Amino acid sequence: MAETIATSEGDLVIHPVEHASLVLEWGGKVIYVDPVGGAALYEGLPAPTAILITHGHGDHFDVPTLEAIAGSAPLLTNEDVFGKLPEGLKANATSLANGADGELDGVKLKAIAAHNTTADRMNYHPVGVGNGYVLTFGDKLVYVAGDTEPTEDMLALTDIAVAFLPMNLPYTMTPDQAVEAINVFKPGIVYPYHYGDSDLSVLETGVGEHTEVRLRNWYTHGQG
């Protein structure tokens, strides 16, 4: 189910894994994003050269999975996850706060605020905790949103080639919210992920021609 995006410095290969977990392969670098679910899920994929974690919920952060697959790969996390890492993993880890710039395995990235905005959902993802990330692969910017509703940071993004957006209630955004956000920041390609049993049909009709919506099955091993 790998997908290829051409960049100015070679192809970016996207491997959807499950729910919110994915692998980004580019120029010999293999970045695992929010790997959970045990090592068996990643059999057949190249070993990670780096690991990126958005926040500390169990469908994004799982210590046993990390200990099984990380080896000596560097980790980049939000500050909350950094504080929860066992010493063996923490030795190879760094953290970024919302809005900060960083680098992981030679890939430049920026931490984007990821949080709820609807009053009765704020307890799920409060302000200032979770990160999304914009990663730079050659001339292409890739946005992995993490768990969030549309934030000011998201809506202000520009020139995003590929975006991964979550849409499941009550934790993240609705598909309708996602459509509104996509039509504001206009990524070239959007992958709905972390969607559970949400009805995604509105994306096929509501998103403008500026964005290609790629609906893929992120639940080949069962529902998230």
Side-chain angles (χ1 to χ4, degrees), residues 3-17 20-36 45-57 60-61 66 69-70 72-83 85 89-90 92-115 125 127-148 150-166 172 181 185-191 193-194:
E3 312 239 332
T4 300
I5 307 290
T7 84
S8 61
E9 297 179 33
D11 287 346
L12 169 67
V13 181
I14 298 166
H15 302 273
V17 177
S21 302
L22 62 144
V23 174
L24 301 172
E25 186 179 0
W26 179 74
K29 307 173 192 298
V30 183
I31 300 176
Y32 280 37
V33 182
D34 286 348
V36 302
L45 290 171
T49 63
I51 296 172
L52 188 63
I53 301 171
T54 61
H55 68 292
H57 287 171
H60 297 258
F61 169 56
L66 293 172
I69 67 174
S72 59
L75 289 80
L76 192 145
T77 79
N78 70 329
E79 293 172 322
D80 175 63
V81 164
F82 182 82
L85 289 171
L89 292 170
K90 187 178 286 188
N92 292 325
T94 56
S95 66
L96 280 185
N98 290 172
D101 294 304
E103 188 173 288
L104 179 63
D105 194 25
V107 174
K108 293 181 179 178
L109 52 77
K110 183 180 183 70
I112 305 299
H115 57 81
H125 302 97
V127 174
V129 178
N131 285 338
Y133 298 99
V134 172
L135 301 95
T136 301
F137 297 105
D139 61 342
K140 296 293 195 296
L141 299 178
V142 175
Y143 173 46
V144 181
D147 278 7
T148 188
T151 64
E152 291 183 4
D153 280 7
M154 178 194 294
L155 298 176
L157 293 172
T158 57
D159 300 321
I160 299 296
V162 181
F164 296 87
L165 297 183
T172 62
F185 77 93
K186 299 176 180 171
I189 297 167
V190 65
Y191 289 91
Y193 82 145
H194 194 291

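Computation of the quantities below employed the complete heavy-atom set of this structure, encompassing side-chain atoms and omitting hydrogens, waters and symmetry-equivalent molecules. Just so you know, these numbers come straight off a predicted model, no measurement behind them.
Residue G83 comes nearest to K90 through the heavy atom pair O-NZ, 3.9 Å, listed as atom of the first residue, atom of the second, then distance. When all heavy atoms of T7 and G138 are compared, the pair lying nearest together is OG1-CA, 4.4 Å. Taking every heavy atom of both residues into account, E79 and A97 meet most closely at OE2-CB, 3.8 Å. Taking all atoms of both residues into account, the shortest heavy-atom contact from T148 to A113 is OG1-O, 4.2 Å. Taking both residues in full, the closest heavy atoms of A50 and A73 are given as N-CB, 3.9 Å, listed atom of the first, atom of the second, then distance. Pairing each heavy atom of G132 with each of A114, the nearest pair is N-CB, 3.6 Å.
With contacts defined as side-chain heavy-atom distances shorter than 4.5 Å, the pair P35/I51 qualifies. Considering only heavy atoms from C-beta on, L109 comes within 4.5 Å of L96 through its side chain.
Under the side chain to side chain contact (heavy atoms under 4.5 Å, CB included) criterion, N78 pairs with H55, D80, V81, V129, N131, not counting sequence neighbours. For A181, the side chain to side chain contact (heavy atoms under 4.5 Å, CB included) criterion is met by P150, M154, L155, F185, not counting sequence neighbours.
Remark: the backbone N or O of I112 is not paired with any side-chain donor or acceptor of D153 at under 3.5 angstrom. Under a 3.5 Å cut-off, the side chain of S8 and the backbone N or O of D139 do form a donor-acceptor pair. Remark: the backbone N or O of G99 is paired with a side-chain donor or acceptor of K110 at under 3.5 angstrom. Between the Y193 side chain and the G146 main chain, a donor and an acceptor come within less than 3.5 Å of each other. Between the K29 side chain and the D105 main chain, a donor and an acceptor come within less than 3.5 Å of each other.
T54 and D34 form a side-chain donor-acceptor contact under 3.5 Å, judged by distance and modelled atom types alone.
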Inset, instruction - Using the side-chain contact (heavy atoms from CB on, under 4.5 Å) rule, take K140 and V162 through it: C-alpha gap first, then chi angles, then the decisive distance, then the call. - result: CA-CA 8 Å; K140 296 293 195 296; V162 181; over 6 Å; no
Inset, instruction - Report the C-alpha separation of L52 and L24 in whole Å, then their side-chain angles, then the decisive distance to 0.1 Å, and conclude whether the side-chain contact (heavy atoms from CB on, under 4.5 Å) test is met. - result: CA-CA 10 Å; L52 188 63; L24 301 172; over 6 Å; no
Inset, instruction - Go through F61 and T77 one step at a time and tell me if the side-chain contact (heavy atoms from CB on, under 4.5 Å) criterion holds. - result: CA-CA 10 Å; F61 169 56; T77 79; over 6 Å; no
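To the nearest 0.5 angstrom, L66 atom CG is 11.5 Å from N92 atom CG. Between L141 atom CG and L157 atom CG the span is 9.0 Å, to the nearest 0.5 Å. Here NZ of K108 is found 13.5 Å from CZ of F137. Values are rounded to the nearest 0.5 Å. Note: F82 CZ to L89 CG = 11.0 Å, rounded to the nearest 0.5 Å. With rounding to the nearest 0.5 Å, the separation of CD in E103 from OG1 in T94 is 10.0 Å. For the atom pair I14 CD1 and I5 CD1, the distance stands at 4.5 Å (nearest 0.5 Å).
The only option from I31, V107, I53, L76 that meets the side-chain contact (heavy atoms from CB on, under 4.5 Å) definition with Y133 turns out to be L76.
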